[in-house]
Asks: 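Can you read through this structure? Questions will come right after.
Excluded from the calculations below are hydrogen atoms, water molecules and symmetry mates; all remaining heavy atoms, backbone and side chain alike, are included. We name chains A, B, ... by the order of the sequence lines, and we start the count at 1 in each one.
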Protein chains: 4
Amino acid sequence: MRADAQRNRDQIVAAARVLFTANGVDTPMEEIARAAGVGVGTLYRRFPDRDALVNAVSTDMFQRLAEAITAANASEKSAWAVLQRFLRSWSEFRLGLLQDPMCHGIPAAIEADPELREVRQRWLDLFEDVIQRAQDDGDLRKDVGLLEIATFMNMFIRDERSEVTDRILDVMLDGLRA
Amino acid sequence: MRADAQRNRDQIVAAARVLFTANGVDTPMEEIARAAGVGVGTLYRRFPDRDALVNAVSTDMFQRLAEAITAANASEKSAWAVLQRFLRSWSEFRLGLLQDPMCHGIPAAIEADPELREVRQRWLDLFEDVIQRAQDDGDLRKDVGLLEIATFMNMFIRDERSEVTDRILDVMLDGLRA
Amino acid sequence: MRADAQRNRDQIVAAARVLFTANGVDTPMEEIARAAGVGVGTLYRRFPDRDALVNAVSTDMFQRLAEAITAANASEKSAWAVLQRFLRSWSEFRLGLLQDPMCHGIPAAIEADPELREVRQRWLDLFEDVIQRAQDDGDLRKDVGLLEIATFMNMFIRDERSEVTDRILDVMLDGLRA
Amino acid sequence: MRADAQRNRDQIVAAARVLFTANGVDTPMEEIARAAGVGVGTLYRRFPDRDALVNAVSTDMFQRLAEAITAANASEKSAWAVLQRFLRSWSEFRLGLLQDPMCHGIPAAIEADPELREVRQRWLDLFEDVIQRAQDDGDLRKDVGLLEIATFMNMFIRDERSEVTDRILDVMLDGLRA
DNA sequence: AATGAATGAGACTTCATTCAT
DNA sequence: TATGAATGAAGTCTCATTCAT
């Protein structure tokens, strides 16, 4: 891919990530294009329809989440500390998982996009591992799992970040403690 | 207001509540009218624009929430038990507070609609009272307040109800415990 | 249907018939709406998409063709005379059969629209009957049938009418003579 | 012109001829470029706009038609036999004369393109000559001329070739007989 | 007062054409 | 020179809102 095309692609995904998180996946394509500094046509050349763009943003997000866990694994000792740090990173990133692609079954969109599927799976594996270890250590309550935590984060992330939401995350972490 | 007009109004609000909660506040007006068994014209006669309808649904919801607290107050002994029951009722009602009308400041829409303002205030007073009492009893942690709890419920309510979401509410309640 | 709605519907179909015949079935919907003196929205309320409009125009055309045969049957003695008169009427009406709906198999669109299907069948029956009789009388050559004649008329009709096209029809009629 | 440039040009015209005949002159330029194995840029370097490409394809077609007459002249004895053979060749070539460039007056496009004009004129002369001779021989009816025959072929050619269309051509030839 | 028809602005998408690489 | 990326105008369709019946 040509250098300028790649740069445009990146700008489009970045703009879409911000706008999708802020205003929902229904944000007008024209607005996304404008925010990315390109014409609509360019956007559509790269992403044939809205779903393709949503998938690209999701892929990007899963990648960032996987990186966040990896980073936390490297710097924290206990699994519980990793989990805490990861969830706080997640909160800071405002990485809303569009259309709940991981919580409520596996939609066709994910099946159809191998790259999305793979990066999502990599993140799930890392996440599952942390949860398992934290439960084995007796730090994380045993009646919750990836599904509960991810679902919570997903609803949580949709609100603007504020002191209030930070406190909610604290409460949730206390509740999760075994 | 004539009896049939009142019946129409009620049906419209009921239909809107269901559809707003299920499909978001962007649900086409025509669809709401159809679900209510009336023509669009009738809907617009009653509610000059979408905001007016949203306000009416919000008013209805605040009323139900106030009733839920009142009922819990009547049947539970401790404030903490009232709070628990109330939050579970809220979860059962799926009463999403559209457009966060109560959590993030006081939007102009609420100011402009005296009835909405009043019923919202009545509910806030009841809620604040329960929280205060639960904290006085030493049952509810002191670093959270109405804002945190309502914000959480509001994000929480947007997801379909399921075993997973029920468990999330449990975790949150444990986290809230002093 | 309300009187004004019916009038609009008729105007839309009439405008579409003219424009489809002149400029093809790709004529912009907006242009059709303008020619009919209505807004695009009205057009789309009546006909959910282009195909629906094409079907309506086709239905209208088949109806007119059936009437033309019926009229010719009433005023002419021999089947051959009926055929001649019918083909000349067809030429005068400029009733292009959009998308060849009757010549090349039976497209799904026709199957899916009972009214279109029925009116088309009625016309086919009348037409087949004339052809059969003309052949029995020894006036029409036996190596052609409805398919050939309709296919010819269909390609023929797409051109503007002129002295040249009139002469072409004469030649074809001579060629059809047994 | 460099050899590879010439090869590109030829491939583009060939691809356009096929696609124009199959899908109409509205075929997307990108599709034509792809079929020709070049980029759109190359296509536009050779042909500044769609009209230029249409003209080039038309030129190519007139050339082929002229060759077809010349070949028929060489192998058939009577002018009528030449005419028959030529019309059947035309039918086999599927050489639709795009945009009726020769039948309905002389559009500006032809005037503006000397090469197109010349090759078209050469073909017209050959064609006119055959017609004249066939009429002189008493084989071709005298109330038709080049205009009628070309117009017919032009409408005829737009349909897919099939047994049905072959039969239509037979009928027309019989009709043309004096 | 109720209905549903009409309007037109705006969102989505395609593609002819231009232009940077 | 060849490529294919970018642009934006134009067409399709939807829906909030108004208004005739």
Asks: If you count the non-hydrogen atoms of other residues, nucleotides and ligands that lie under 6.0 Å from CZ in B:R117, is the total more than 12?
Replies: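 No, not enclosed.
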
Asks: Mapping B:P48 and A:T42 to their closest nucleotides on DNA chain F, which lands nearer the 5' end?
Replies: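 Between the two, 5'-proximity favours A:T42.
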
Asks: C:D26 has an atom CG; how far is it from atom P of F:dA10, in whole Å?
Replies: 17 Å

Asks: Quick one: which of E:dT13, F:dT17, F:dG4 gets closest to the side chain of B:Y44?
Replies: F:dT17

Asks: To the nearest Å, how far apart are A:I32 CD1 and E:dT13 P?
Replies: 11 Å

Asks: Counting only Watson-Crick or G-U wobble pairs whose two distances fall under 3.5 Å, which nucleotide matches F:dA16?
Replies: E:dT7

Asks: Could you tell me whether a side-chain N or O of B:D51 sits under 3.5 Å from a main-chain N or O of B:V54, the two making a donor and an acceptor?
Replies: no

Asks: Rounded off to whole Å, could you give me the CZ-to-P distance for the D:R34 and E:dT14 pair?
Replies: 13 Å

Asks: If you check every side-chain atom of A:P28, which of F:dA16, E:dC12, E:dA5 has the closest atom?
Replies: E:dC12

Asks: Rounded to whole angstrom units, what separation is found between the CZ atom of C:R45 and the C1' atom of E:dT7?
Replies: 11 Å

Asks: Hey, which of these two, A:L43 or D:G37, hits DNA chain F nearer its 5' end, going by closest nucleotide?
Replies: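 With A:L43 and D:G37 compared, the 5'-side residue is D:G37.
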
Asks: Write down the distance between CZ (D:F47) and P (E:dA16), rounded to a whole number of angstrom.
Replies: 16 Å

Asks: If each of C:R2 and A:R50 is mapped to the nucleotide of DNA chain E with the nearest heavy atom, which maps nearer the 5' terminus, i.e. the 5' end?
Replies: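 It is C:R2 whose nearest nucleotide is closer to the 5' end.
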
Asks: Just to be sure I understand the rule, does A:D4 reach a base, reach only the sugar-phosphate, or reach nothing, if contact means heavy atoms closer than 4.0 Å?
Replies: sugar-phosphate

Asks: Given atom CG of A:L53 and atom C1' of E:dT13, what is their separation to the nearest angstrom?
Replies: 14 Å

Asks: Measure from CZ on C:R46 to P on E:dG4 and round the result to the nearest Å.
Replies: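 In whole Å, E:dG4 P lies 12 Å from C:R46 CZ.
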
Asks: Output the rounded distance in Å from CG (C:D10) to P (E:dA6).
Replies: 12 Å

Asks: Please indicate whether B:E115 has more than 12 foreign heavy atoms, meaning atoms of other residues, nucleotides or ligands, lying under 6.0 Å from its CD.
Replies: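 Check fails, neighbour count at 12 or below.
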
Asks: Please tell me which of the listed nucleotides, E:dA5, F:dA2, F:dA5, lies nearest to the side chain of B:V40?
Replies: E:dA5

Asks: Is a side-chain donor or acceptor of A:T42 paired with a backbone partner of A:V38 at a separation under 3.5 angstrom?
Replies: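 Not at all, since once roles are kept as given, no pair shorter than 3.5 Å links the two residues.
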
Asks: Which base sits across from E:dT21 as a Watson-Crick or G-U pair, both distances under 3.5 Å?
Replies: F:dA2

Asks: At less than 4.0 Å, is any side-chain N or O atom of B:N8 found next to OP1 or OP2 of E:dA2? Yes or no.
Replies: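 Yes.
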
Asks: Given that C:E30 and C:G39 both sit by DNA chain E, which one's nearest nucleotide is further toward the 5' end?
Replies: C:G39

Asks: Please check: side-chain N/O of D:R50 versus main-chain N/O of D:T27, any donor-acceptor pairing under 3.5 Å?
Replies: yes

Asks: Considering only side-chain heavy atoms of D:A5, which listed nucleotide, F:dA2, F:dT21, E:dA11, is closest?
Replies: F:dA2

